[in-house]
Structure formats: C-alpha cells, structure tokens
Number of protein chains: 2
Amino acid sequence: MNNTGDRRRTIYDVAKAAGVSISTASNALNGTGRTNAETRERVRRVAEEIGFRPNALARGLLSKRSHAIGMLTNDTYGRLTLPMAAGVSEVLVDHGVSVFLCATNNDPRLAQQHLEALLDRQVDGIIFTATRLDLTPPVQLSRLPIPVVYVFAEGPADSVTFFPDDEQGPRLAVDHLKELGRSRILHITGPRDYLAARIRAQSYLDACGDGAEAMFGDWSEEWGHEAVQTVFARPGAKPDAIFCGSDEIARGVIDALRDLNVEIPTDVAVVGFDNWEVVARQTRPPLTTIDMELKELGHRAGLAILSLSKGEPVPAGITRLPCRLVVRQSCGSPLRSD
Amino acid sequence: MNNTGDRRRTIYDVAKAAGVSISTASNALNGTGRTNAETRERVRRVAEEIGFRPNALARGLLSKRSHAIGMLTNDTYGRLTLPMAAGVSEVLVDHGVSVFLCATNNDPRLAQQHLEALLDRQVDGIIFTATRLDLTPPVQLSRLPIPVVYVFAEGPADSVTFFPDDEQGPRLAVDHLKELGRSRILHITGPRDYLAARIRAQSYLDACGDGAEAMFGDWSEEWGHEAVQTVFARPGAKPDAIFCGSDEIARGVIDALRDLNVEIPTDVAVVGFDNWEVVARQTRPPLTTIDMELKELGHRAGLAILSLSKGEPVPAGITRLPCRLVVRQSCGSPLRSD
DNA sequence: TTTTTCTGCTAAAAGCTTTTATCAGGGATC
DNA sequence: GATCCCTGATAAAAGCTTTTAGCAGAAAAA
C-alpha cells in the first residue's frame, strides 16, 4: 500500500520535509511573499534533494496561462517548417514555453481538429505557418481568444506577420553579381501567382534596370533546365549571370549549363535562393545563394507570440527579416566555402 | 465589471444553464454515472450552444494523464522528422493526444532542458527519434517514470523501437532489378559506421550472391559521382545496375553516368533509397527508389506510445516496418511515374 | 403497510499550485 | 505598560474537472 516511492513529489512533500506550510514552501521556491532567508534556503535545498518539480498543469490551471503554444503548419516535408520550429522552440524553452506541433496537410477538417485541441489545452498563442505565400489558412484563425502570429503566410490586415525580406534578398544577389563585374543578369523563378516570386522578381528588376528579364515557371529543377535551354537557343547576347528564385531551380540551371558546355562561374555565374544546404552544397560548383534565416524567423515569431500572450503590444503588420548572402563557388568568388 | 462575455465557458456554466448540478453535467457529457436520457440530451445541447469545451489542464491534473506526448528529435533539417511527426500527430489527434516537438540539435544541455519541461508537463510518453542510427540519445532516457519509444534510434535492450526494414528494402530493389533482367548489380552506399548502411549492404550481398560488391563512402551526391567514376575507370565488366544507399547518392550516380555517356536505364539501371521526392522526382530520368514509409512509422510509434501510456503491453524490441518500392523511370519499367 | 430496490440527481473531495487574507509574536515607540 | 508596526509564517480559496459516496423519492416486493 505504500506507493509513495514512485509518486511524483508535490509541493506538499516539500513542505512536510522542510517542516513548513505549503504556502511558505511556495513562497520560498518562487521568491514571492515574505520569507526568512534561512527558511528559503532550507526549502530550496529540500526541494532539490527530493527532486521536486512543479506540476505545470496545476500551475497553468490557476494562472490561466499554459505556457505552451501551438504551431500549425501545412508543410509536408519540413524543409521550411522544421528549421523554423527549431528556432521557435529554442527561444521559448528558455522562457518555459513548449511548442505543440500540428501538421495539417492542408486538410481543413484536420486543421480544425488540431485547432480545437490546442484551444482545449489553453495554449497561450498560435503560430501559423504555410509553405505557399498566397495561401489562406485552412481554418478560421481571426476570431480566436488568443493571439496568432503568421510566418510565411498572410493573416488578416492588422495581424502580426513575419516574412523573409523578399526585396532585400534579391538585392544582395544582384549587388554581389555586379561587384564581380557581371552585367547581363537573368532571373529564373517560380510561378507568377506566388507572391514571393513576384516580389523577388520585381526587386531584381528594380536593381538591374534596363535589359533585365524575369522568367516565371515552376519551383522545379526541370524548369531551370528548360529555361536555360530556351535562352541559350535563341539569338542575341547571352547572360553572364543567372539569379534563380530557388536552389532547386539553380540546380537545374547549373546542370543545363554544363550540358551546354558553359563554364561556371567563368562564363556564367549562378546565384540561388534558399540556402537549402542539401542542394546548395552538392551542386558543382557549390552554390552561392540567399539564406532566408529560417531559425531567426522562428526566434522572432516565438518572441512575438510570447509578448502577445503576456498582453504586451507588438507592432502589427508584416515584418520582413533580412536575408543573408552565402558565398560558395558558383560566382567565382575566391572565398572559401562555408 | 461584467466580463463573463469573454471568459471561457466552464462546466459550471453548462450546469447553470441546464439547471442541473455540476456532477450531473459532467456525467451527462461523458456518459458516465446514471443520467436520464432526456437530461443528458438537454445538457449536451446546452453545452453545444454555449460552446463549452472542457479544460484539458484541469482534466489532466485530475486524471494524471495529460494526453500529450513529447517528441525529442536531433534532426535539423526535418527531412525524416517532419513526415514522421506528421504521422504521429495524425494518428494521435483522433485519440485526443497532442504532440510537443522538441528539437535538440544534438545539444545535451538543450535536450535535458526539453526533457525536464516535458516531465513538468506530465506528458504521457516520449518518442525519441534520431537521424543517425548508432547515435545514443543526447540525454538519459532509461530511468524515466513514463514510457519511451525509439524511432530510427536504438534504445536500451528491452525498449520499444521502430525502424524501417533495412533488410527487406534492399531485397525489394534487387528483386526488381533481377526481374528486369539485370545481373551485375553494384551497391554504393554511405559510411560503414552507420548501422543502416551495414545492414542494407549485407542484405544486398545476400540477395545478389557472387560478384556483388558494396562500396561504402558518404551519404553525399559527391560520393555517388566519385564511386561511379572509379568503377567505370577500372578494367573489367561494368555493372548493368546500381543500387544506391540513398537518393542523394543515386543523384550523384546518375549525373556521373550521364557525364560518361552511359544511358539510363538502357545501359545501367539505378535504384535509390529514401523516396525523398524532391530529389527522386527531379533526377533525369526520375528515380525508382525505396520508400521507408515514414508516415506509417509515425503511426506505429504513436499507437505504441498510446498503448504504453495506458499501461497496455507492447512487444519490446525492434520492430522493422516494410519498405515500399516506388517505380519511376530509372530502371526502364514501362509504368507511368506516380 | 413496511421494507427493499432502483433511479436520478447532488455535495463534496481530490488533483496541485499560487495568492490573498489573516494571525501570532517580537521589537520599537510613546 | 500600552500601542503600533513589522516580520515570518499559515489557512483557505481559487482554478476546472471527474469521481465517490450518499440522498430523496418512486416503484417493486414482502
């Protein structure tokens, strides 16, 4: 009948072992109320000894803050979501906040189910993240009793939203290419109906000026390949640099250039977008590309939802976080690969 | 002062609105105890109307089961983890169980911090998953008061562990190649110190018999490329098929073969391992490969931890889940790509 | 008519923590 | 010596749900 051995220790055990009341134990452990320094030390020592850890459920029940948030994603492969989620949880674990991961597969019914589960758990907030930019959430998130932060996805007009800076990123690429003396820069990117593709293309056009050309297609290697074949088959001057809307496209571009016996970077320099290492590191030569700083995006989103959940104000609207140029060898820079 | 409007509805509100006691409301909603059918209906209707949803914290506090589990991963890029996690959460959400995602980055301190947070939250169990097979968990998981399930990672001797079937997978590949008339099958795979690489290679050797050769290297495209160059540079008979230990390696193999003007699949058939679509779909020709059924692995792990958390027995030891052959065009099958 | 059984409901406890209000006692002040 | 204030503690309530024990009334059995 004596099962105290494997029961979890409660604050009651601490109080008893330290010879004080429950309230004193609580006060001592949390540094609240008035406690004698000596008592406080004793209680803390005892708590440590018997391995007391407060029950987060009881705590949350009382404080009405569960110190947990939900992350709703419709990304299936995790290439964007997981690095971001790692950033979110990395920054939040220090504040004692944990993250529920809910993969919706873009299924509204599943999303709804996850959402209700999150609300039942009294999460302090929700981060919604999508892989596609123009996509609306698969579930109604606007009239929730808890704050919502959007990453890689657009919420309602006055919502808190984070994106990589799709204007600054392309400028980094173009500036880098210009510094290396390239002047005829071509842009090959994804579908025109992706907002990110449009923004990046426009920024590229603004940075390059006359003679610039943006080719829209798919987010695929195949499209990169095809686009290069088209360009090099037609008459007229050939580009001396290609800035791609994704690393996958860049991969196709590089392959196509090699098929055409065009030297990289001597004849044509190539810049990608994503810094998806498993692609960017494996191209020959390794790809200079734009990193969207997914982890940092996660950090910021995590901090935002933390502030919001405490009732602190957070500037509404879209915040665009700067991208970073990662120099490898596809542009002829003498720098070592990272 | 009247803030009842935005307060969450509790069972107290339901009881009041239905004109019954709290206990009756609870019994009616959960179908426990003795309740008049009419009362039960009324209570349920009222609950529905005012939008009552039980507070999972209070429920968990009482039942000592939080209906949440933790997933500890050291995968950084998410290629294995996220599909698996999606499988886990998909199967668990139907049982009212949510999943905490904890990315450890292989940092023991961070892992410990996450683990403690999970225990404080009274999670009903933990799924530990690693990307590398021989890796020990970055944190002590063996003496926990809650069950642990290992996926893609080896736990202590008597633990519940799931892996893809690294013996059956290679047999699928070899059998497929043999059926297509290939006889000189070469295996190019990752490092010898990866258990998975060794098992797959041995299974390949057993299936191929005399003349079979396994080349160990890296899990990289570059290694696939290099290995092909080596093989085709040396004298003697050339392989008519190459079975690769990963899709990335296969990618390098295919590129190298094309560089050598070897026709795929006419001269050499290629099979990969992973069915990592973003690679397998983009090779030219698209890659026939082995799918590890990550989502199914997640389903099984989720169900296992669910059973364990209820105290139901689950067979200990390593369970290996069958892989699936995905036929595309790199082996010359006439089937359409999927 | 009295006793038993069943039905439908309710009060109260338990789960664990934090917070509020209160209390006893000791020292300082007048 | 009486009053006041301060310190260091404590009891109790609150947070929300489920479960246990029990109660009142009606129907069935004796």
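Throughout, a chain's letter reflects where its sequence line sits, starting with A, and its residues are numbered from 1.
Between the side chains of B/S98 and A/R121, at least one donor-acceptor pair of N or O atoms lies under 3.5 Å. B/S309 and B/R65 form a side-chain donor-acceptor contact under 3.5 Å, judged by distance and modelled atom types alone. Under 3.5 Å, the side chains of B/S21 and B/T24 contain a donor-acceptor pair of N or O atoms.
Rounded to a whole Å, the CG atom of B/L29 is 13 Å from the P atom of C/dC9. The distance between atom NZ of A/K16 and atom P of D/dT10, rounded to the nearest whole Å, is 15 Å. In this structure, the CZ atom of A/R8 is 13 Å from the C1' atom of C/dG15, given to the nearest Å. Atom pair B/F52:CZ and D/dC16:C1' shows a separation of 8 Å (rounding to whole Å applied). Nucleotide D/dT10 holds its C1' atom 14 Å from the OH atom of A/Y12, rounded to whole Å. B/I11 has its CD1 atom 16 Å from the P atom of D/dG15, to the nearest Å. Across the protein-nucleic acid pair, B/R65 atom CZ and C/dG15 atom C1' stand 16 Å apart, rounded to whole Å. For the pair B/L62 CG and D/dT17 C1', the computed distance is 6 Å after rounding to whole Å.
Where B/R40 and B/A58 each meet DNA chain C at their nearest nucleotide, the meeting point lying more 5' is that of B/R40.
In this model, the phosphate group of C/dT19 is not approached by any side-chain N or O of A/N27 to a distance below 4.0 Å at OP1 or OP2. B/N55 has no side-chain polar atom (N or O) that falls below the 4.0 Å cut-off from OP1 or OP2 of D/dG15. Of the side-chain N and O atoms in A/S26, none sit less than 4.0 angstrom from OP1 or OP2 of C/dT19. For B/S21 and C/dT10, the shortest distance from a side-chain N or O to OP1 or OP2 is below 4.0 Å. Residue B/T35 has no polar side-chain atom (N or O) positioned under 4.0 Å from OP1 or OP2 of C/dG8. Here A/K64 reaches the OP1 or OP2 of D/dC16: one of its side-chain N or O atoms lies under 4.0 Å away. Side-chain N/O atoms of A/T32 include none lying less than 4.0 angstrom from OP1 or OP2 on C/dT18.
One N or O donor and one acceptor, one from the side chain of A/S23 and one from the base of D/dA11, sit under 3.5 Å apart.
Counting only heavy atoms from C-beta on, B/I22 has its side chain closest to D/dT18 among D/dG15, D/dT18, C/dC16. Among the nucleotides D/dG15, D/dT17, D/dT19, the one closest to the side chain of A/L61 is D/dG15. For B/N36, the side-chain atoms get nearest to C/dG8 when compared with the rest of C/dG8, D/dT17, C/dT17.
The minimum heavy-atom distance between B/P108 and B/N106, with the atom names listed, is CD-O, 3.4 Å.
Between A/D291 and A/R324 there is a salt bridge, with a side-chain nitrogen of the basic residue lying less than 4.0 Å from a carboxylate oxygen of the acidic one.
Heavy atoms of B/S63 sit nowhere under 4.0 angstrom from any nucleic acid atom. Looking at heavy-atom distances under 4.0 Å, B/R59 makes contact with sugar-phosphate atoms alone, never a base. Among the atoms of the strands shown, only primed sugar atoms or phosphate atoms (P, OP1, OP2) are found under 4.0 Å from some heavy atom of A/T10.
Side-chain atoms of B/R40 come within 3.5 Å of backbone atoms of B/T35 as a donor-acceptor pair (strictly under, hydrogens ignored).
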